[in-house]
Structures are given as C-alpha cells and as structure tokens.
**Student:** 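Please read through the structure below; I'll follow up with questions.
One is the number of the first residue; the rest follow in order along the sequence. Start at 1 and go down the list; that is how both ligands and their atoms are numbered.
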Amino acid sequence: WQVLSKKPWVSTWLLLHTLRYFYTASSDVPNFPEFVVVGYVDDVQIIHYDSNNRTAVPKQDWMKDITDQPYWERQTGKLMGSQQMFKVNLETAKQRFNQTGGVHIVQVMYGCEWDDETGDVDGYNQYGYDGEDFIVLNLKSETWIAAKQQAFITKLSWDSNKAMMSHIKHYYTQICPEWLKKYVNAGRSSLMRTDLPSIKLLQRTPSSPVTCHATGFYPRNAVMFWRKDQEEVFEGVDHGEMLPNHDGSFQMSVDLNISLIRAEDWSRYDCVFQLKGVEEDLTVTLDKSVILSNWRKSDGGVVAGAVVGGLLLLLLGAVSGFFLWRKRSGGNK
Ligand SMILES: *[C@@H]1O[C@H](CO)[C@@H](O)[C@H](O)[C@H]1NC(C)=O
Ligand SMILES: *[C@@H]1O[C@H](CO)[C@@H](O)[C@H](O)[C@H]1NC(C)=O
Ligand SMILES: *[C@@H]1O[C@H](CO)[C@@H](O)[C@H](O)[C@H]1NC(C)=O
C-alpha cells in the first residue's frame with residue numbers, strides 16, 4: 001500500500017467511552033452454551049462467563065490489576081444467579097409466543113457511555129427475543145417501551161415498580177459510569193492503541209467479485225471502500241459486516257463486481273482502508289497478479305492456505321454473543 005491522503009480528524013478521536021454487557025440465553029442451539037455473558041469497554045472485551053464454565057474470568061491483564069479475587073467471586077455469583085433468571089425469562093418468552101420447543105434466544109444489551117470531554121453520561125438497557133427488540137428502557141422518561149405486544153405485560157409491571165426504576169437510574173447514571181472511568185484509566189494504553197490491518201485481495205473464481213479483505217485492525221472505527229480515479233465507487237460494491245477476531249482485533253471486507261470492468265481499466269481501481277486515529281490511508285490497487293485465489297494453480301498451496309485462513313477467522317468471529325446480537329439487530333446485511 002501507499003500513503004495517499006491526510007485526514008484532519010485524528011486528534012479528537014475516541015473521547016466517547018462505552019461499557020457494554022451482552023447476555024445471551026438460548027435453548028437448543030447446538031454447541032453453544034445456554035447462557036453466555038460478555039462485557040466490553042469500548043471495543044475491548046473485559047469479562048467472559050458461560051454456563052459451561054460457570055466462572056467469570058477477566059479477558060485483559062489490566063482488568064486483573066484493578067480487581068481482586070473477591071471481585072471475580074462476586075461477579076461469578078451474580079452471573080450464576082442471572083443464569084437461573086434467564087432460564088426463567090426464556091420460558092416466559094416462549095409461553096407468551098405460544099412456543100413449546102426449538103431454538104429460541106433471549107438477549108440483553110445494557111451499559112453506559114461517558115464523554116471524556118463534556119463529562120456527559122448516558123445508559124441503556126434493551127431486551128431482544130429471537131433476534132427482535134422485545135422491551136427497551138427509556139432512561140429519560142423512566143419508563144419501559146414494549147417493542148412487542150407480548151412485552152406489554154412486562155412493561156406494566158416494571159413501570160409500576162418505582163424501587164426498581166430508582167435502582168436502575170442510580171446504576172446507569174452513577175455506578176456504571178464510575179466503573180467505566182476506572183476501567184478506561186486502567187486500560188488506557190491498550191484501549192487507545194491503533195493496529196493496522198493486513199489487506200489482501202481475494203477471489204473465488206475468475207468471474208467472482210474481487211474481495212478486499214482487511215484483518216487485524218483496532219479500533220473497529222474504520223471504513224473501507226473501492227475507488228476509481230480517486231472517486232468512491234458505489235455501483236457493484238457490496239460491503240461485508242465488521243467481525244471481531246478472537247485476538248481482539250477486527251476484520252471486514254468489501255466486494256467489487258469486476259464483470260463490467262475492462263482489463264485495461266483495472267489499475268484505475270484502488271481498495272482504500274481508513275482507520276480512525278491513523279493519518280494515512282492504506283490502499284491496494286486492483287491487480288490480477290496480487291489476487292489470492294483457490295483456482296489459480298500457479299499460486300500453489302500458500303495461497304489456498306491464506307484464503308482458508310480468512311474463512312477460519314470468519315467462523316471464529318461468529319462464536320460470540322456480541323456477534324449474534326449485532327447480526328440479529330438488523331441494519332447490516
Ligand atoms: C474456566 O474456568 C476456570 C476457572 O474455574 C478458568 O481458569 C478458565 O480460564 C475458564 N476457561 C475459559 C475458557 O474461560
Ligand atoms: C397464544 O394462544 C392463546 C390461546 O390459544 C391465544 O389467545 C393467543 O393469541 C396466542 N398468541 C400468539 C402469539 O399466537
Ligand atoms: C455483476 O454484474 C453483472 C452485470 O451487471 C451481473 O450480471 C452480475 O450478477 C453481478 N454479479 C454479482 C455477484 O453481483
């Protein structure tokens with residue numbers, strides 16, 4: 001790649017910090033624990049708990065530095081309680097939808113954000129069932145919004161529980177931001193890092209779209225697109241989903257349909273990757289000789305390995321509650 005442009009927004013990035021927890025309770029999903037909890041500060045996973053292990057474990061060394069053994073015992077105890085509660089939640093949801101068996105999933109996403117510059121804090125808590133919103137907290141009005149008719153009875157009961165709401169308000173405006181600040185300060189050097197990706201052009205068959213694949217970057221705040229003569233191309237371009245790698249970095253891809261591009265025009269196309277916090281764009285020019293593929297014999301085994309490696313990362317990315325929610329919450333394809 002080559003350096004092509006400078007961006008002005010480098011110095012002000014990452015002032016908004018987030019602490020987010022994702023609970024996933026499922027029934028009849030093969031090879032997936034029936035209860036999984038992951039917690040993130042910004043884009044970095046800090047905690048993991050699942051019903052197979054039944055132990056809350058830290059995912060970052062700096063988390064170990066600011067917590068003690070009793071902290072992890074308390075988290076484990078709380079999450080074991082949540083596991084029982086979510087088993088009941090799942091049964092309740094099934095009854096409300098007149099379902100008896102099969103694959104069903106309750107997901108919760110809650111957390112808070114803190115603006116390092118203004119000091120503003122905000123919190124949210126939302127429940128999903130089978131991939132759709134179920135009930136969502138409105139912290140401003142101190143009420144719950146039923147996204148499904150089946151959630152209305154829950155809304156009525158939770159709205160009338162003043163003690164619960166005052167506890168929730170306290171948690172999202174005081175406790176959660178306090179912990180978030182503590183975590184951000186402890187993990188600052190690792191949270192603020194930038195890692196550049198390796199970028200490859202991949203192609204399944206000679207007529208398939210060319211995939212520009214970037215993996216290993218951090219933070220997730222990145223964009224990737226195709227450009228022709230320095231102008232962004234929209235036609236025949238398909239953006240893939242951003243996926244987490246198991247090492248804490250991210251990957252994404254963007255396809256270009258090359259069926260209408262004449263051979264002599266190929267060199268006018270670049271794949272461009274921009275990472276927030278990094279001035280230089282990374283670019284790869286469309287060029288048959290750098291495309292990795294399974295079909296081009298001359299490239300041999302190393303290349304086949306590279307493409308298979310990419311797929312393996314995709315699969316690893318899929319095994320996380322975080323990903324399940326994002327995929328099901330729509331927006332992206
Ligand atoms: C399972 O729990 C043990 C402690 O009981 C912990 O040391 C280990 O890292 C956990 N395994 C996973 C995969 O989280
Ligand atoms: C569930 O069954 C009850 C009683 O048969 C019926 O009144 C209700 O509409 C059903 N709900 C759904 C979501 O199908
Ligand atoms: C690429 O574009 C051609 C011509 O518009 C179209 O026929 C083909 O279906 C497209 N391929 C893909 C994978 O979208």
Side-chain angles (χ1 to χ4, degrees), residues 1-2 4-5 43 103 130-132 196-246 249-276 281-320 322-333:
W1 52 67
Q2 44 187 153
L4 276 170
S5 67
D43 295 334
V103 172
D130 284 352
E132 291 177 19
L196 294 176
S198 105
I199 304 179
K200 299 245 165 17
L201 300 184
L202 312 170
Q203 196 178 29
R204 250 177 267 279
T205 72
S207 58
S208 304
V210 171
T211 298
C212 182
H213 182 255
T215 187
F217 60 88
Y218 178 91
R220 64 180 289 136
N221 210 329
V223 289
M224 192 157 72
F225 54 92
W226 282 96
R227 196 166 61 179
K228 181 190 183 189
D229 300 333
Q230 311 300 316
E231 299 264 343
E232 182 168 356
V233 179
F234 297 98
E235 220 178 304
V237 172
D238 196 8
H239 288 265
E241 200 169 8
M242 175 111 42
L243 296 170
N245 289 326
H246 73 291
S249 67
F250 294 89
Q251 61 168 297
M252 68 171 155
S253 62
V254 55
D255 289 357
L256 176 67
N257 185 339
I258 42 99
S259 64
L260 294 180
I261 300 177
R262 290 174 305 171
E264 63 267 32
D265 287 339
W266 273 46
S267 61
R268 296 164 68 186
Y269 287 81
D270 298 309
C271 170
V272 183
F273 176 91
Q274 300 177 332
L275 186 63
K276 207 156 192 186
D281 295 344
L282 304 184
T283 68
V284 180
T285 300
L286 188 59
D287 176 352
K288 283 202 171 69
S289 69
V290 303
I291 293 177
L292 303 178
S293 63
N294 288 325
W295 49 268
R296 203 183 290 126
K297 289 282 185 288
S298 61
D299 287 330
V302 178
V303 163
V307 175
V308 170
L311 290 176
L312 194 64
L313 286 173
L314 288 173
L315 289 175
L316 284 172
V319 186
S320 103
F322 183 45
F323 174 70
L324 269 176
W325 176 278
R326 289 191 58 77
K327 183 149 179 103
R328 290 175 164 277
S329 65
N332 286 319
K333 259 193 242 171

**Student:** Can you name the residues that come within less than 4.0 Å of ligand 3, going by heavy atoms only?
**Tutor:** Pro209, Asn257, Ser259, Leu260
**Student:** If you compare all heavy atoms of Phe273 against all heavy atoms of Met252, which two are closest, and at what distance to 0.1 Å?
**Tutor:** CE1-CE, 4.0 Å
**Student:** Run the side chain to side chain donor-acceptor pair (under 3.5 Å) test against Ser267 and tell me which residues pass, sequence neighbours left out.
**Tutor:**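 Once residues adjacent in sequence are excluded, Ser267 has no partner under the side chain to side chain donor-acceptor pair (under 3.5 Å) criterion.
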**Student:** On a heavy-atom basis, which atom in Leu282 and which in Pro197 lie closest, and how many Å separate them?
**Tutor:**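 Taking every non-hydrogen atom into account, CD1-CD, 3.6 Å.
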**Student:** Could you verify whether a donor N or O on one side chain and an acceptor N or O on the other, from Asp287 and Ser289, lie under 3.5 Å apart?
**Tutor:**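 Ser289 and Asp287 do have a side-chain donor-acceptor pair below 3.5 Å.
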**Student:** Kindly give the heavy-atom pair with the smallest separation between Cys212 and Trp226, and that separation in Å.
**Tutor:**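 That closest heavy-atom pairing would be CB-CZ2, 3.6 Å.
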**Student:** Go through the steps to decide whether Val254 and Phe225 satisfy the test side-chain contact (heavy atoms from CB on, under 4.5 Å), and finish with yes or no.
**Tutor:** CA-CA 6 Å; Val254 55; Phe225 54 92; 5.7 Å; no
